[in-house]
Asks: 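I'd like to ask you about the structure that follows.
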Amino acid sequence: AAAERRLAQEAAALEAAEVRVARAVQVGHAEDRIIARAGELGASLIIVGAHARAAGHRSFLGSVAERVVHGASCPVLVIPPGEHTLATWRPRERPLRITGAIDQSQASDSCLDLLRRLEARIPYDLHLVHLYWPPREHQRLGLDPPDPYEADREAVGAISRELQAHLRAHLGHDRA
């Protein structure tokens with residue numbers, strides 16, 4: 001009953017912000033129920049909070065968040081604890097600012113596909129980042145070994161052209 005009341009309060013706040021909400025209280029292992037419910041709903045995205053506990057020099061996701069990330073069939077957005085500007089974002093006042101990492105992997109392509117669908121619903125400014133390892137890319141592109149202290153314009157140009165074509169295929173347009 002307490003969980004139902006708390007969930008009703010959270011749902012009411014979201015509905016006041018014009019977010020359509022479906023709610024359910026379920027019993028079981030959290031990660032299993034989250035993944036199962038997302039499947040039942042045909043979810044395009046799961047958002048889950050993480051405890052972000054630190055151990056030594058490395059931070060770990062909370063065990064539930066980590067297992068949801070590994071078990072979900074759709075993208076998972078993990079939110080660490082604390083205040084976030086997303087909580088105060090108003091879509092009619094300014095676009096959402098999104099930074100995404102892309103690498104032409106299946107996981108990256110899934111994120112791009114989600115962004116394409118999201119773009120039709122809400123305004124956003126997208127900034128994409130692609131990191132590469134020069135020796136591997138030079139070999140793949142058939143270029144001379146890279147100078148470790150200088151950017152190679154030829155390699156960057158070739159990679160940029162490949163990424164632009166890839167983005168057009170997934171987003172339907174260029175996102176420089």
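One is the number of the first residue; the rest follow in order along the sequence.
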Asks: If you draw a 6.0 Å radius around CD in Q139, do more than 12 non-hydrogen atoms from other residues or ligands fall strictly inside?
Replies: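 For Q139, atom CD is not crowded (no more than 12 foreign heavy atoms under 6.0 Å).
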
Asks: Flag the pair T99 / V129 as yes when at least one side-chain heavy-atom distance between them is below 4.5 Å, and no otherwise.
Replies: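 In contact.
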
Asks: Y132 and V156: which non-hydrogen atoms are nearest, and at how many Å?
Replies: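 Shortest heavy-atom contact: OH-CG2, 3.3 Å.
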
Asks: Counting neighbours of CZ on R140 that are heavy atoms of other residues, nucleotides or ligands and sit closer than 6.0 Å, is the number greater than 12?
Replies: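 Above 12, so yes.
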
Asks: Taking all non-hydrogen atoms of both residues, which atom of A11 and which atom of R23 are closest, and how far apart?
Replies: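 Here A11 and R23 meet closest at CB-NH1, 3.7 Å.
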
Asks: Any side-chain heavy atom of H127 within less than 4.5 Å of one from D125?
Replies: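 H127 vs D125: side chains touch.
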
Asks: What's the verdict on side-chain contact (heavy atoms from CB on, under 4.5 Å) for E119 and I98, showing C-alpha distance, side-chain angles and the deciding distance?
Replies: CA-CA 11 Å; E119 187 173 44; I98 300 172; over 6 Å; no

Asks: Pairs of donor and acceptor atoms involving the side chains of residues 36-47, under 3.5 Å and at least two apart or interchain, shall be tabulated with distances.
Replies:
residue : atom : partner : partner atom : Å
R37     : NH1  : E40     : OE1          : 3.3

Asks: Apply the test side-chain contact (heavy atoms from CB on, under 4.5 Å) to residues L163 and I102: give CA-CA distance (whole Å), side-chain angles for both, the deciding distance (0.1 Å), then the verdict.
Replies: CA-CA 9 Å; L163 288 172; I102 58 171; 4.0 Å; yes

Asks: Tell me whether H138 contacts the main-chain N or O of D144 through its side chain, where contact means a donor paired with an acceptor under 3.5 Å.
Replies: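 Such a contact is found between H138 side chain and D144 backbone.
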
Asks: Ignoring hydrogens, what is the shortest heavy-atom contact between A65 and A50? Give both atom names and the distance.
Replies: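 It is CB-CB, 4.1 Å.
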
Asks: Could you go through the side-chain contact (heavy atoms from CB on, under 4.5 Å) check for L115 and R117 one step at a time?
Replies: CA-CA 5 Å; L115 288 169; R117 291 189 305 273; over 6 Å; no

Asks: Considering only residues two or more places apart or on different chains, which pairs with a residue in residues 147-166 satisfy ring pair (Phe, Tyr, Trp, His ring centres under 6.0 Å)?
Replies: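 Sorted pair list: H166-H170.
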
Asks: Over all heavy atoms of both residues, which pair between L171 and R116 is shortest? Give the atoms and the distance, please.
Replies: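 Closest approach of L171 to R116: CD2-N, 3.9 Å.
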
Asks: What are the two closest non-hydrogen atoms of A72 and I35, and how far apart are they?
Replies: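 It is N-CD1, 4.0 Å.
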
